[in-house]
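For reference, the structure is listed below as structure tokens.
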Amino acid sequence: MSEIKRLRKMADKIYAKMESMQQLSDDELKHKTEELKARLANGETVDQIMPDAYAAVGEAAYRSIGLRPYKVQIMGAIVLNEGKIAEQKTGEGKTLIAALPAYLNALEGKGVHVVTVNDYLAERDAKDIGRIHEYMGLTVGCILKTTSPEEKKKEYAKDITYITNTELGFDYLRDNMAQRMEDKAQRGFHYCIIDEVDSVLIDEARTPLIISGVTGKSTKLYTACNELAKQMEKGELQELSKVDLLSGERPEETGDYTVDEEHHSVTLTLQGIEKCEKFFGIENLADKSHTELMHNIIAALKAHNLMKKDKDYVVKNGEVLIVDSFTGRIQPGRRYSDGLHQAIEAKEGCGIKEETCTYATVTYQNFFNKYDKKCGMTGTAYTERKEFKDIYHMSVVRIPTNKPVQREDNADRMFLTKKAKFKAVVDEIKKSHATGQPVLVGTSTINDSEILDKMLKEEGLQHTVLNAKFLEKEAEIVAKAGQHGAITIATNMAGRGTDIKLDEDAKKAGGLKVIGTQRHESRRIDNQLKGRSGRQGDPGESVFYLSLDDEVLRLYGSERMKNILTMTGMQSEDSIENGTVNRFVKKAQNVIEDNNFGTRKNVLKYDKVNNEQRELIYAERDAILEKADTRNTMLSMIEDSVDMIIDKYAVNKYVTEEEYQNIRKEIAILIFGIKAPDYKPKNEKKGMLKKKLAEEYVTAAKNRYCEREKEWPDVDVFREFERQIILRCIDVKWMQHINDLEILRQNISLVGYGQKDPAVIYKLKAFDMFSKMSDDIKNDAVYTLFSSRLRTAAPKKNAAA
Ligand code: ADP
């Protein structure tokens, strides 16, 4: 039986049950929640009670907000409970669909997170859909950027919590920096439903969530490198065929550096290297001591050659803000890493912010994989089903639409130049507008939006421009794009997740016409744009206008195509729509999609190692937080630290004079601070058995610990002090460690390791670094406890008397 058939059959049964629920009184219906919880308590599974739960909450939806789920919505809801991805077209009512599995899984009492892409949707859904759950006696929470930490904890404690992916991820990181157990906001990761799942798990997965602070490094170097970059001359990248490369041919170099747009890289030529050496007055740029300088020079060149203003970033109030290339949204607070952000700030003459270091970081991949069960919904997932399966172990199920799609998708129209393309787009807008048909034009950059804006103004056509610069209002504006005669220009996904409703006249005029002005790197994003039209059986139309100047095509050799077409006598205002063009476009998109998937997969290989280590350290940290008392932890840390020192010096069974002197000195520093180099425990002597010596020192150190304990007037205060020391040492060392790992990762990709897989090398080295870090944590905690000057802040008992 096909998947869809199976789902349809199940949905039919549930639908019938739902209809029979109409007989129940309000109280009887509400009582279902208790009944279902009791069944779970009696050993039935969530899957077993699913049909009854869905029937009940479906009827509740009708009674509370007046919507009765369609059969296809129930099919989607079944898929969500199975931990899969439901591909459900825009306008099919995903918000309502999520209400069913949210209710069902919340019955277990461990919390359900409904994840949206922005605050507006989280608030709207919690308010609208939340009424259904409240009707059924469950509690509903909502967490926004503005929610205070105390409120957050309360909201997480609710049965169902609506929240954005960003807030959810950051709360996780923040919780793992908490100083007390009760400061943690979250209570585990039971089940989540991710709305716009492709946007969250694929598009946003490329940038990890990072909590960072400043390092205090000077920013002058960026200014200098920026000056240098301005003086350097860009050379040509000479393409060599494979045969040439195999025969040992080296590409001929011109200029100071070359730029490879496709791989987003910049390489210095010999001439360029000499120029840098002269500029900074150094001998050899390739020398190890100049790694950072080299890094900054490359970053400056990248800023000048690869990062484009108003496409990759915008400058607003003297700040450089990242624009997400997929969504076209500004990402406030996010910064490019590795000094690239500072290099752009230098280029744009903005104040250069200090370099930051990472306190905590996690990728969405790893974060969402923490859930016992997760699922997602989106209008466009099918093209990425392999990635969802490989990385998240979620399969994608395409749910049929409630009503057949009426939208007419026209073939692409290709022009020679961008200019000709935009002129034709404006003509098309004019034509549709004359009939009152609403038009939504999708652009991939703010710049393109502005060009169109200007052209439409010249034509005297009233229109609305939506770009990432007006994030706050976008949802409301997009909602109006379906009105008779409306013209809306929007970057890629402005207002995504917002329903575009048609008015009667707009329907008569043919429904919403969507015009794409570029093909995106990913077909999925193009499909999203198309899907904004033709919802719920509405009439509609889509068409893409392309030119051989478009970036996606240019990177994949559209120049050659251009030559051929010009040779055939094509004029710039002509357009063609034929199979060759379509195949060419599709191929270009395929190559880029594969490339991007490859990059994300590679990131993941490294990130897997980081994730294992993060889980370990967070678990250890939690154990410290949860312990009533960390006395034994500290004592065993003391023992380990002493052993470590002895192991470091003593090679054989008996300790030599020289070894003994070293050990003695270091132990003294550990337990008395540097001020007591003459320290000498009672029974120790040179030529002693290593084991015996260790015992002596451990005892001495533990005695010293007991002394310190007594110095404090209040033992509870001491206990808390001790816990804080351990936590602090974990946090500091872990923070250094993740920064070191990042450096390791970069170096590994720079240095070739012959036949060996760089990811394997990384794993081995990262493992060594981790065990060194664990040792350092113990050492530091013990040292801090013994040497901390807080002793003076906490007066001795007799001194206080
Ligand atoms: P999506 O997120 O799938 O694009 P929405 O959740 O925004 O869709 O819903 C689109 C519109 O359809 C909303 O106005 C919603 O109220 C309406 N809707 C959803 N489900 C139903 C239903 N079962 N019956 C009637 N209207 C519905």
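Note that ligands are numbered from 1 as they come in the structure, with each ligand's atoms numbered from 1 the same way.
- Among the atoms of Arg124, none of the N or O lies under 3.5 angstrom from an N or O of ligand 1.
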side-chain contact (heavy atoms from CB on, under 4.5 Å) for Ile487 and Ile429? Distances and angles first, verdict last. CA-CA 8 Å; Ile487 302 175; Ile429 297 173; 3.7 Å; yes
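- Residue Pro69 approaches ligand 1 through these ligand atoms, each under 4.0 Å from one of its heavy atoms: 23 (N).
- Judged by the 6.0 Å and 45° rule, Arg68 forms a cation-pi pair with Tyr62.
- Taking a cut-off of under 4.0 Å to the non-hydrogen atoms of Leu67, the atoms of ligand 1 that pass are 16 (O), 24 (N), 25 (C), 26 (N), 27 (C).
- Counting atoms of ligand 1 from 1 in the listed order, those under 4.0 Å from a heavy atom of Thr90 are 4 (O).
- Taking the six-membered ring where the residue is Trp, His113 and Tyr371 present perpendicular rings, their angle passing 60° and hence far from 30°.
- Side-chain contact, Glu155 with Thr161: no donor N or O sits under 3.5 Å from an acceptor N or O.
- Ring pair Tyr103/His133 is parallel by interplanar angle, where below 30° counts as parallel and above 60° as perpendicular.
- Under 4.0 Å from ligand 1, the heavy atoms of Lys501 that appear belong solely to its side chain.
- Each of the following atoms of ligand 1 lies closer than 4.0 Å to a heavy atom of Leu96: 20 (N), 23 (N).
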Take Phe189 and Tyr172 through the test ring pair (Phe, Tyr, Trp, His ring centres under 6.0 Å) and record every step on the way to the result. CA-CA 10 Å; Phe189 305 97; Tyr172 166 68; 5.8 Å; yes
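- The heavy atom nearest to atom 9 (O) of ligand 1, considering only Gly531, Gly93, Ala98, is found in Gly93.
- Near Gln73, meaning under 4.0 Å from any of its heavy atoms, are these atoms of ligand 1: 19 (C), 20 (N), 21 (C), 22 (C), 23 (N).
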